[in-house]
Undergrad: 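Please see the structure below; I have some questions.
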Amino acid sequence: MNSFHGGFIGEVLLVNSGDRPSGWTVTLSFARGRLSSSWVEGAEQGTASFSDGVFTYRSGVDLAPGASVPLRFHYEKAGSSRPTSCLVGTTECARS
């Protein structure tokens with residue numbers, strides 16, 4: 001979304017294409033750097049953890065069918081704005 005000297009703000013857009021409300025977990029891995037903050041726009045906040053270069057965010061509430069919500073995060077000193085891996089549950093993220 002936005003990069004600057006020493007860091008960036010990234011986003012994973014979550015979309016529930018199913019027919020039932022669903023919780024979600026996003027797991028991002030980076031070769032280096034540190035997570036400064038994370039938040040969900042327009043929905044109840046979930047829980048975040050960061051350990052050994054792996055950022056995990058679990059939803060605060062289920063996402064309704066057809067709904068979407070952006071998960072945003074601020075990383076510092078990562079060297080790259082692309083994670084080495086990105087999963088939503090066990091499914092690899094689509095890159096844009």
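Please read these numbers as outputs of a predicted model, since none were measured by experiment.
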Undergrad: Can you say whether the rings of Tyr75 and Phe55 are parallel (under 30°), tilted (30 to 60°) or perpendicular (over 60°)?
TA: perpendicular
Undergrad: Whether the side chain of Glu11 engages the backbone of Ile9 through a donor-acceptor N/O pair (distance < 3.5 Å, no angle test) should be reported.
TA: no
Undergrad: Between Thr84 and Phe30, what is the shortest heavy-atom contact and its length?
TA: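 Heavy-atom minimum between the residues: OG1-N, 3.9 Å.
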Undergrad: For Leu28 versus Cys86, what's the shortest heavy-atom pair and its separation?
TA: CD2-SG, 3.3 Å
Undergrad: Could you see if Val40 belongs to whatever hydrophobic cluster contains Leu87? Use Ile, Leu, Val, Met, Phe, Trp, Tyr and a side-chain cutoff under 4.5 Å.
TA: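 No.
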Undergrad: Using a 3.5 Å distance criterion without hydrogens, assess whether the side chain of Ser59 forms a donor-acceptor pair with backbone atoms of Trp24.
TA: yes
Undergrad: Locate the shortest heavy-atom distance separating Pro65 from Gly18; write the atom from each residue and the value.
TA: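 The pair with the smallest heavy-atom distance is CB-O, 3.4 Å.
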Undergrad: Output all residues satisfying side-chain contact (heavy atoms from CB on, under 4.5 Å) with Ala64, sequence neighbours left out; order by chain, then residue number.
TA: Ala67
Undergrad: Hydrophobic cluster membership, with links at side-chain heavy-atom distances under 4.5 Å among I/L/V/M/F/W/Y: are Val88 and Leu71 in one?
TA: yes
Undergrad: Can you name the closest pair of heavy atoms from Phe50 and Gly33 and give their distance?
TA: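 Nearest heavy atoms, Phe50 then Gly33: CZ-O, 3.7 Å.
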Undergrad: If you link I, L, V, M, F, W and Y whenever their side-chain heavy atoms are under 4.5 Å apart, who else ends up in the same group as Val15?
TA: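 Members other than Val15 - counting any ILVMFWY side chain reachable under 4.5 Å - are Leu13.
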Undergrad: For Ser29, which residues count as a side chain to side chain donor-acceptor pair (under 3.5 Å) partner, sequence neighbours excluded?
TA: Ser85
Undergrad: Sequence neighbours left out, what pairs pass salt bridge (Lys or Arg N to Asp or Glu O under 4.0 Å) with at least one residue falling in residues 15-30?
TA: none
Undergrad: Give me the atom names and distance for the closest heavy-atom approach of Leu63 to Leu14.
TA: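 For Leu63 and Leu14, the tightest heavy-atom pair comes out as CD2-O, 3.8 Å.
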Undergrad: Run Val12 and Phe73 through side-chain contact (heavy atoms from CB on, under 4.5 Å) and show every step you take.
TA: CA-CA 9 Å; Val12 174; Phe73 48 93; 4.1 Å; yes
Undergrad: Partners of Ser37 by side-chain contact (heavy atoms from CB on, under 4.5 Å), sequence neighbours excluded?
TA: Trp39, His74
Undergrad: Would you list the pairs meeting salt bridge (Lys or Arg N to Asp or Glu O under 4.0 Å) in which at least one residue belongs to residues 41-62, sequence neighbours left out?
TA: Glu41-Arg72
